[in-house]
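First the structure, in the form of structure tokens, and then the observations on it.
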Amino acid sequence: MNVLVTGGAGFIGSHTVVELVQEGHCVTILDNFCNSSRRVLDRLAQVCGERVDVIEGDVRDAALLRRAFAAQQFDAVLHFAGLKAVGESVEQPLAYYDNNVGGSVTLCQAMAEAGVFRLIFSSSATVYGDAERMPIEESFPTGRVTNPYGRSKWMVEEILKDLAASDPRWAIGILRYFNPVGAHPSGLLGEDPRGIPNNLVPYVAQVAVGKLDCISVYGDCYPTRDGTGVRDYIHVVDLARGHLKALAAIMRKPGVNVWNLGRGEGYSVLDVIRAFERASGRPLPYRVVEPRPGDVAECWAATEKAWHELGWRAEYDLDTMMRDVWRWQESNPRGYDDQP
Ligand code: NAD
Ligand code: WQD
């Protein structure tokens, strides 16, 4: 298939590009590099054994999209491009609605004009808010979200449902990711956050490599096994493979389909720290601080729908995720900036 991957230079997009190329698809990345490095493209060439076509630009640029869709016939679009920092979204809500909602609308308009109706959208488990019970099924209510980032994902989901209802040619897969972590087993691709990481695993990795001093554990009084927050961590390579299965499924199934992409198991903050200590062989200092506002106690996926409808489930366990993050972090202590 000829696939356009928006945000394909980012953390999840780049790993998905590898899986697409390895499965024989023809890939074009569209990225404005606002949260990624151009050096990802060299690493992708190393891993894939070929250079991937790239359009440098913004998904909100309608003229650019028109030119891209006129230049070649795409069979489908995987839409990763967007902003993803929860705290930043509270401070800059308009930037988030503009990029995440506006960008998705502009993209869908350009797709419809070009007669391309297959779309995979990166949504998030955050749309479920504080779910009443675990594991979280796709049919659970959505929309009770506590921040603009999460709301932007929920809004795009609703827009895509309206769109599919308006025209039967649309075939859309909405993928609700749980907590993507890990890195490519080659050690060449991984997560490279700018500044101090907001998320647990990149933070832990930077403590292990000596860039940061001490992990802050956000609360130990949650009603969980050890009192710390529980999440469904999923290896980014597993997640990437889920996209290929979803792409195959929407070829058979028009309309809108929603799938959770998670492992279906919850691990606490302390489980993650211990697993990273095993992976790195280093003791990791931590201190318990106040809970982070807006955090839920626990969150993990029901995985049956993805298994039955996509034939997909995650393979890699927490130790493998942490081993691969450590390999990436140790060999690229300054992320992609280490390359000349
Ligand atoms: P990322 O920031 O690493 O990748 C996003 C990419 O999109 C970056 O390369 C960035 O430069 C690009 N981009 C952003 N705005 C753009 C625009 N307007 N035009 C063109 N390119 C643009 O993020 P990621 O972790 O790879 O996440 C990918 C998608 O998955 C995002 O939509 C994110 O919201 C969603 N998601 C991520 C997580 C997570 O924990 N990482 C969880 C759930 C959902
Ligand atoms: C995991 C656990 C924290 C940092 C976020 C977004 C979500 C999705 C994935 C995009 C929680 C605890 C964290 C730290 C800690 N992103 N923690 N110390 O919050 O589950 O999800 O990323 O869609 O929308 O909200 O992930 O990695 O930030 O936190 O104790 O320094 O680790 O309280 O229990 P989260 P996270």
Side-chain angles (χ1 to χ4, degrees), residues 5-16 29-38 40 55-61 64-65 78-87 89 95-96 98-100 102-104 106-107 120-129 145-147 149-150 152-153 156 175-181 190-194 196-204 206-207 212 214-220 222 224 228-234 236 239-240 243 261-262 266-273 286-300:
V5 182
T6 78
F11 171 47
I12 303 169
S14 59
H15 288 82
T16 307
I29 291 173
L30 189 151
D31 204 299
N32 66 0
F33 299 99
C34 71
N35 197 39
S36 51
S37 166
R38 284 171 190 77
V40 170
I55 301 169
E56 181 160 350
D58 199 299
V59 278
R60 291 163 293 181
D61 183 344
L64 174 89
L65 292 181
L78 268 58
H79 180 35
F80 295 96
L83 303 176
K84 63 166 182 177
V86 171
S89 80
Y96 275 70
D98 179 32
N99 199 336
N100 295 3
S104 300
T106 305
L107 176 66
I120 301 289
F121 173 64
S122 300
S123 189
S124 169
T126 196
V127 300
Y128 295 115
V145 199
T146 54
N147 59 75
Y149 165 72
S152 75
K153 289 287 165 189
V156 175
L175 305 183
R176 294 183 182 147
Y177 310 157
F178 280 66
N179 286 59
V181 299
E191 191 169 7
D192 184 16
R194 295 192 169 161
I196 296 178
N198 301 311
N199 298 112
L200 178 65
V201 171
Y203 200 103
V204 168
Q206 293 198 8
V207 171
L212 295 170
C214 181
I215 303 157
S216 298
V217 173
Y218 295 147
D220 65 353
Y222 286 109
T224 59
T228 66
V230 167
R231 297 291 183 276
D232 186 342
Y233 298 94
I234 175 169
V236 65
L239 191 74
H243 288 71
L261 295 186
Y267 290 99
S268 73
V269 175
L270 298 182
D271 290 335
V272 168
I273 294 173
Y286 71 85
R287 63 169 172 265
V288 178
V289 300
E290 286 298 299
R292 185 170 61 180
D295 273 359
V296 298
E298 54 184 8
C299 175
W300 72 88

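We number each residue from 1, following the sequence as shown. Read the numbers this way: they start at 1 and go in the same order the structure lists the ligands and their atoms.
Counted by atom type alone, Asp232 and Asn179 present zero donor-acceptor pairs between their side chains at under 3.5 Å.
The single protein non-hydrogen atom nearest to atom 28 (O) of ligand 2 is Arg292 NH2, 2.8 Å, given as residue, atom name and distance. Protein heavy atom in closest approach to atom 18 (N) of ligand 2: Ser216 O, 2.7 Å. In this structure, atom 40 (O) of ligand 1 lies nearest to the protein heavy atom Pro180 CD, 3.3 Å. Ranking protein heavy atoms by distance to atom 34 (O) of ligand 1, first place goes to Tyr149 OH, 2.7 Å. Scanning the protein heavy atoms around atom 35 (P) of ligand 2, the nearest turns out to be Asn179 ND2, 3.6 Å. In terms of protein heavy atoms, atom 6 (C) of ligand 2 is closest to Val86 CG2, 3.8 Å. Nearest non-hydrogen protein atom to atom 4 (O) of ligand 1 is Gly10 CA, 3.3 Å. What sits closest to atom 3 (C) of ligand 2 on the protein, heavy atoms only, is Asp295 OD2, 3.4 Å. In terms of protein heavy-atom proximity, atom 5 (C) of ligand 1 is closest to Gly82 O, 4.0 Å. Considering only non-hydrogen protein atoms, atom 24 (P) of ligand 1 sits nearest to Lys84 NZ, 3.8 Å. Nearest non-hydrogen protein atom to atom 36 (P) of ligand 2 is Asn199 ND2, 3.5 Å. Looking only at protein heavy atoms, the nearest one to atom 8 (C) of ligand 2 is Ser124 OG, 4.1 Å.
Checked against a 3.5 angstrom limit, the closest N/O atoms of Tyr203 and ligand 2 fall outside it. Distances between N or O atoms of Val59 and those of ligand 1 include at least one value under 3.5 Å. Polar contact check, Asn99 against ligand 1: a nitrogen or oxygen pair lies under 3.5 Å apart. Residue contacts with ligand 1: Ile12 is placed with a nitrogen or oxygen under 3.5 Å of a nitrogen or oxygen of the ligand (distance criterion only). By the 3.5 Å distance cut-off applied to N or O atoms, Arg231 is counted among the residues near ligand 2. The N/O atoms of Leu200, backbone and side chain alike, include one that comes under 3.5 Å of an N/O atom in ligand 2. Of the N or O atoms in Ser123, none lie within a sub-3.5 Å distance of an N or O in ligand 1. Considering backbone and side-chain atoms together, Phe178 places no N or O closer than 3.5 Å to any N or O of ligand 1.
Interface of Asn198 with ligand 2, defined as ligand atoms under 4.0 Å from a residue heavy atom, comprises 4 (C), 28 (O). Interface atoms of ligand 1 facing Asp58, defined by a heavy-atom separation under 4.0 Å, are 17 (C), 18 (N), 19 (N), 20 (C). The ligand atoms of ligand 1 that sit less than 4.0 angstrom from a heavy atom of Ala9 are 9 (O). Taking every non-hydrogen atom of Ser36 and a distance limit under 4.0 Å, the qualifying atoms of ligand 1 come out as 8 (C), 9 (O), 11 (O). Applying the 4.0 Å criterion to heavy atoms of Thr126 picks out, from ligand 2, the atoms 24 (O). Short contacts between ligand 1 and Phe33, defined as distances under 4.0 Å to a heavy atom of the residue, involve ligand atoms 11 (O). Less than 4.0 angstrom separates some heavy atom of Gly229 from each of these atoms of ligand 2: 34 (O).
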- Give the intermediate values and the outcome of side-chain hydrogen bond (donor to acceptor under 3.5 Å, both in side chains) for residues Ser122 and His79. CA-CA 6 Å; Ser122 300; His79 180 35; over 6 Å; no
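Within the 4.0 Å heavy-atom shell around ligand 1 one does not find Gly103. Distances from ligand 1 to the non-hydrogen atoms of Ala125 include no value under 4.0 Å. Residue contacts with ligand 1: Asp31 is included, with a non-hydrogen atom under 4.0 Å away. At least one heavy atom of Lys153 sits less than 4.0 Å from an atom of ligand 1.
Between Glu298 and Arg231 there is no salt bridge, since no side-chain nitrogen of the basic residue lies less than 4.0 Å from a carboxylate oxygen of the acidic one.
Between Val269, Thr228, Val217, it is Val269 that holds the heavy atom closest to atom 12 (C) of ligand 2. Remark: among candidates Ser122, Gly57, Cys34, Gly150, the nearest residue to atom 35 (C) of ligand 1 is Ser122, based on non-hydrogen atoms. For atom 2 (C) of ligand 2, the candidate residues are Tyr177, Tyr233, Tyr218; the nearest heavy-atom contact is made by Tyr233. Of all the listed residues (Tyr149, Phe178, Tyr267), Tyr149 holds the heavy atom that lies closest to atom 23 (O) of ligand 2. In this comparison of Asp98, Asn32, Leu83, the heavy atom closest to atom 20 (C) of ligand 1 sits on Asn32. One option in Tyr177, Phe11, Phe80 has a heavy atom closer to atom 30 (O) of ligand 1 than any other, and that option is Tyr177.
Taking the side chain as every heavy atom from C-beta outward, Pro197 and Leu212 approach each other to under 4.5 Å. Counting only heavy atoms from C-beta outward, the side chains of Gln206 and Val204 never approach each other to under 4.5 Å. Inter-residue side-chain proximity for Thr106 and Val59 is flagged as unmet; no heavy-atom pair is nearer than 4.5 Å. In this structure, Val230 and Tyr267 have side chains that are not in contact, with every pair of non-hydrogen atoms separated by 4.5 Å or more. For the pair Asn35 and Lys84, the minimum side-chain heavy-atom distance is below 4.5 Å. The side-chain heavy atoms of Ser36 and Asp31, taken from C-beta on, include a pair separated by under 4.5 Å.
No option in Val181, Val269, Val217 other than Val269 meets the side-chain contact (heavy atoms from CB on, under 4.5 Å) test with Leu200.
When heavy-atom distances to ligand 1 are checked against a 4.0 Å cut-off, Arg60 comes that close only through its side chain, counted from C-beta outward.
Formation of a donor-acceptor pair under 3.5 Å by the Asp271 side chain with backbone atoms of Ser268 is found in this model. Side-chain atoms of Ser89 come within 3.5 Å of backbone atoms of Tyr149 as a donor-acceptor pair (strictly under, hydrogens ignored).
To the nearest 0.5 Å, atom OG1 of residue Thr228 and atom OH of residue Tyr286 are 8.5 Å apart. With values rounded to the nearest 0.5 angstrom, Asn199 atom CG is found 6.0 Å from Glu191 atom CD. Going from atom CG of Leu175 over to atom OG1 of Thr16 covers 9.5 Å, rounded to the nearest 0.5 Å. Atom CD1 of Ile29 is separated from atom CG of Leu78 by 11.5 Å, given to the nearest 0.5 angstrom. Expressed to the nearest 0.5 Å, how far CZ of Arg176 lies from OG1 of Thr126 amounts to 11.0 Å. Note: Phe178 CZ to Ile234 CD1 = 9.5 Å, rounded to the nearest 0.5 Å.
Aromatic ring centroids of Phe80 and His243 lie under 6.0 Å apart.
Cation-pi contact between Arg292 and Tyr218: absent, since separation from the ring centre below 6.0 Å together with deviation from the ring axis within 45° is not met.
Contact detail for Gly102 and Arg60: the closest heavy-atom pair is C-CG, 4.3 Å.
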